[in-house]
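Structure record follows, encoded as structure tokens.
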There are 2 protein chains.
Amino acid sequence: MQNLSKNQQIIFDLIDKSPEPLKAYSILFNVQKRGIKAPLQVYRALDKLVEIGKIHKIESRNAFIACQNSSCQISKATAFSICESCEKVTEINNSNLSKYLTGFKDKNGMKYNKYNLEFFGLCKKCISKKS
Amino acid sequence: MQNLSKNQQIIFDLIDKSPEPLKAYSILFNVQKRGIKAPLQVYRALDKLVEIGKIHKIESRNAFIACQNSSCQISKATAFSICESCEKVTEINNSNLSKYLTGFKDKNGMKYNKYNLEFFGLCKKCISKKS
DNA sequence: TTACAAAATGTTATATTATAACAATATAAC
DNA sequence: GTTATATTGTTATAATATAACATTTTGTAA
Ligand SMILES: [Zn+2]
Ligand SMILES: [Zn+2]
Ligand SMILES: [Zn+2]
Ligand SMILES: [Zn+2]
């Protein structure tokens, strides 16, 4: 477990304390006071953080969330629940699900070494608001 | 099953006959000779085609593929295999998988009405190239 | 068949997301 | 200490996507 570089640490801290996924340019805006001025500085740190599994990209939202699951440090098996009303995102940590997907083989004979799953629906809060 | 409008049909035909996922601006370039000149015309057709399940968006690639699975016309339960070497994308049609995921409930009590799953690995061709 | 509503189109401009290219600096390994 | 690797800094630009507004077409029903 390598240490993070300065930019990586700044950006990880921001994402980690955020209650919601952050977008790259929102991150940029927030870290400008700490000396990170250019998009590329943000994207490079994000790439690295994703690579080492400290954060994940929510592909359908182009946003980044800290890993909430100490076990997936390789970032190769990710699952999220996304509320389509309030946009709350939670990382799913369910061993039955991860076992099922990690072991999944399709008829095409392809063996997968990585997956990303995004579930969409309404969170509890948003369901109760509607009733 | 409504008919497609002119622009929707042009763009669907292009995607449907493509052996690989197409990106929006590549689509735009290819349909300019047929009178579609602006990105927004492409994106509007894509949005509609996704909504009615004729095509799907491969989120990790920002690209669009025709539905290869006559049963998922509502576009609410999608799974793909993606070769990280040649970028070949195939829609997975596996009833065991779709049953498992459609029925999946996490401990947060959230009920999902939609999911998207992307598997990554090496396709058969690319595996044999390496050996 | 006319009137109304809904969907689709056309067009210009702009917002958002992401990478190319190149130089400099810091960190780790030998 | 020297070399290799990773990280940073910087400017410019590429790629992806939407806002806003006017017009036209299509479907529906009086
Ligand atoms: Zn994680
Ligand atoms: Zn919600
Ligand atoms: Zn499909
Ligand atoms: Zn391949």
Side-chain angles (χ1 to χ4, degrees), chain A residues 1-15 18 20-65 73 75 82 84 87 89 116 118, chain B residues 1-15 18 20-65 73 75 82 84 87 89 116 118:
Chain A
M1 188 61 195
Q2 57 202 298
N3 287 328
L4 300 180
S5 73
K6 177 171 142 279
N7 288 1
Q8 289 160 15
Q9 190 69 57
I10 291 171
I11 287 171
F12 175 71
D13 287 344
L14 183 69
I15 296 172
S18 169
E20 62 196 358
L22 294 179
K23 298 184 149 238
Y25 277 73
S26 143
I27 292 168
L28 175 59
F29 179 79
N30 274 281
V31 297
Q32 279 177 331
K33 50 180 166 293
R34 305 200 57 185
I36 295 175
K37 292 172 194 162
L40 196 44
Q41 294 176 292
V42 173
Y43 279 104
R44 283 196 287 223
L46 290 173
D47 285 351
K48 187 69 184 185
L49 291 167
V50 166
E51 183 193 327
I52 63 180
K54 299 280 287 181
I55 65 172
H56 303 303
K57 182 174 186 182
I58 309 300
E59 292 286 357
S60 65
R61 300 297 187 261
N62 297 319
F64 299 86
I65 191 174
Q73 284 168 353
S75 198
I82 302 171
E84 289 183 300
E87 294 293 324
V89 174
N116 179 57
E118 297 181 3
Chain B
M1 189 55 195
Q2 60 203 295
N3 287 328
L4 299 180
S5 74
K6 176 171 142 278
N7 289 0
Q8 289 160 15
Q9 189 69 56
I10 290 171
I11 286 171
F12 175 71
D13 288 344
L14 182 70
I15 297 172
S18 169
E20 61 195 358
L22 295 179
K23 297 181 152 244
Y25 277 72
S26 143
I27 292 169
L28 175 59
F29 179 80
N30 273 281
V31 298
Q32 278 178 332
K33 49 181 168 291
R34 305 199 57 183
I36 295 174
K37 293 172 194 160
L40 195 43
Q41 293 175 293
V42 173
Y43 280 105
R44 282 196 288 224
L46 290 173
D47 284 350
K48 187 68 184 188
L49 291 167
V50 166
E51 183 192 328
I52 64 179
K54 299 281 287 181
I55 66 173
H56 303 301
K57 183 174 187 181
I58 309 300
E59 292 286 356
S60 65
R61 300 299 186 260
N62 297 319
F64 299 86
I65 191 176
Q73 284 167 353
S75 198
I82 302 170
E84 288 181 303
E87 293 293 324
V89 174
N116 180 56
E118 297 180 2

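Convention: sequence-line order gives letters A, B, ...; per-chain numbering from 1.
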Subject >> With B:Glu20 via side chain to side chain contact (heavy atoms under 4.5 Å, CB included) - residues at least two apart >> reply: B:Ser18

Subject >> Under the side-chain hydrogen bond (donor to acceptor under 3.5 Å, both in side chains) test, residues paired with A:Glu59 that sit two or more places apart >> reply: none

Original post:
Starting at CD1 of B:Ile11 and ending at P of C:dT9, how long is that distance when rounded to a whole Å?
Top reply: 9 Å

Subject >> Qualifying residues under side-chain hydrogen bond (donor to acceptor under 3.5 Å, both in side chains), relative to A:Asp47, sequence neighbours excluded >> reply: none

**OP:** Measure from CD on B:Gln9 to P on C:dA8 and round the result to the nearest Å.
**Re:** 13 Å

**OP:** Calculate the interatomic distance between B:Leu28 atom CG and D:dA14 atom P; express it in whole Å.
**Re:** 16 Å

Original post:
Within the pair B:Lys6 and C:dG10, is there a side-chain N or O less than 4.0 Å away from OP1 or OP2?
Top reply: yes

Subject >> Presence of B:Ser5 side-chain N/O under 4.0 Å of C:dT9 phosphate oxygens OP1/OP2 >> reply: yes

Original post:
So, is B:Lys23 close to the D:dT16 phosphate, meaning a side-chain N or O under 4.0 Å from OP1 or OP2?
Top reply: yes

Subject >> Within residues 31-45 of chain A, residues whose heavy atoms come under 4.0 Å of DNA chain D >> reply: A:Lys37, A:Ala38, A:Leu40, A:Gln41, A:Arg44

N/O donor-acceptor pairs under 3.5 Å from side chains in residues 29-46 of chain B, not counting sequence neighbours:
from    : atom 1 : to      : atom 2 : distance (Å)
B:Asn30 : ND2    : B:Ser26 : O      : 2.8
B:Lys33 : NZ     : B:Asn30 : O      : 3.0
B:Gln41 : OE1    : B:Lys37 : N      : 2.8
B:Gln41 : OE1    : B:Ala38 : N      : 2.9

Original post:
If you measure from the ring centre of A:Tyr25 to the centre of the six-membered ring in the base of C:dT17, is it under 5.5 Å, with the planes under 30° apart?
Top reply: yes

Original post:
Does A:Lys48 place a side-chain N or O at less than 4.0 Å from the phosphate oxygens OP1/OP2 of D:dT8?
Top reply: no

Original post:
Nearest-Å distance, CZ (B:Phe64) to C1' (D:dT16)?
Top reply: 10 Å

Original post:
Which atoms form the tightest heavy-atom contact between A:Lys54 and A:Phe12, and what is the distance?
Top reply: O-CE1, 3.5 Å

**OP:** Evaluate side-chain contact (heavy atoms from CB on, under 4.5 Å) for B:Ile82 paired with B:Glu87, printing each intermediate quantity in order.
**Re:** CA-CA 6 Å; B:Ile82 302 170; B:Glu87 293 293 324; 4.3 Å; yes

Subject >> For atom CG of A:Asp47 and atom C1' of C:dA20, their distance in whole Å >> reply: 14 Å

Original post:
Any side-chain heavy atom of B:Ile11 sitting closer than 4.5 Å to one from B:Leu4?
Top reply: no

**OP:** Could you run through DNA chain C and flag its stems, i.e. three or more consecutive Watson-Crick or G-U pairs with both distances under 3.5 Å?
**Re:** C:1-30 with D:1-30

Subject >> Validation row: B:Ile55, B:Lys57 side chains within 4.5 angstrom (heavy atoms) >> reply: no

Subject >> Distance in angstrom units between B:Ile10 CD1 and C:dA8 P, rounded >> reply: 14 Å

**OP:** Rounded to the nearest angstrom, tell me the gap between atom CZ in B:Arg61 and atom P in C:dA18.
**Re:** 13 Å

**OP:** Let me know the distance between CG of B:Asn62 and C1' of D:dT18, rounded to the nearest Å.
**Re:** 14 Å

Original post:
Taking only N and O in the side chain of A:Asn3, is any of them less than 4.0 Å away from OP1 or OP2 of C:dT27?
Top reply: no

Subject >> Close side-chain approach of A:Arg61 and A:Pro21, heavy atoms under 4.5 Å >> reply: no

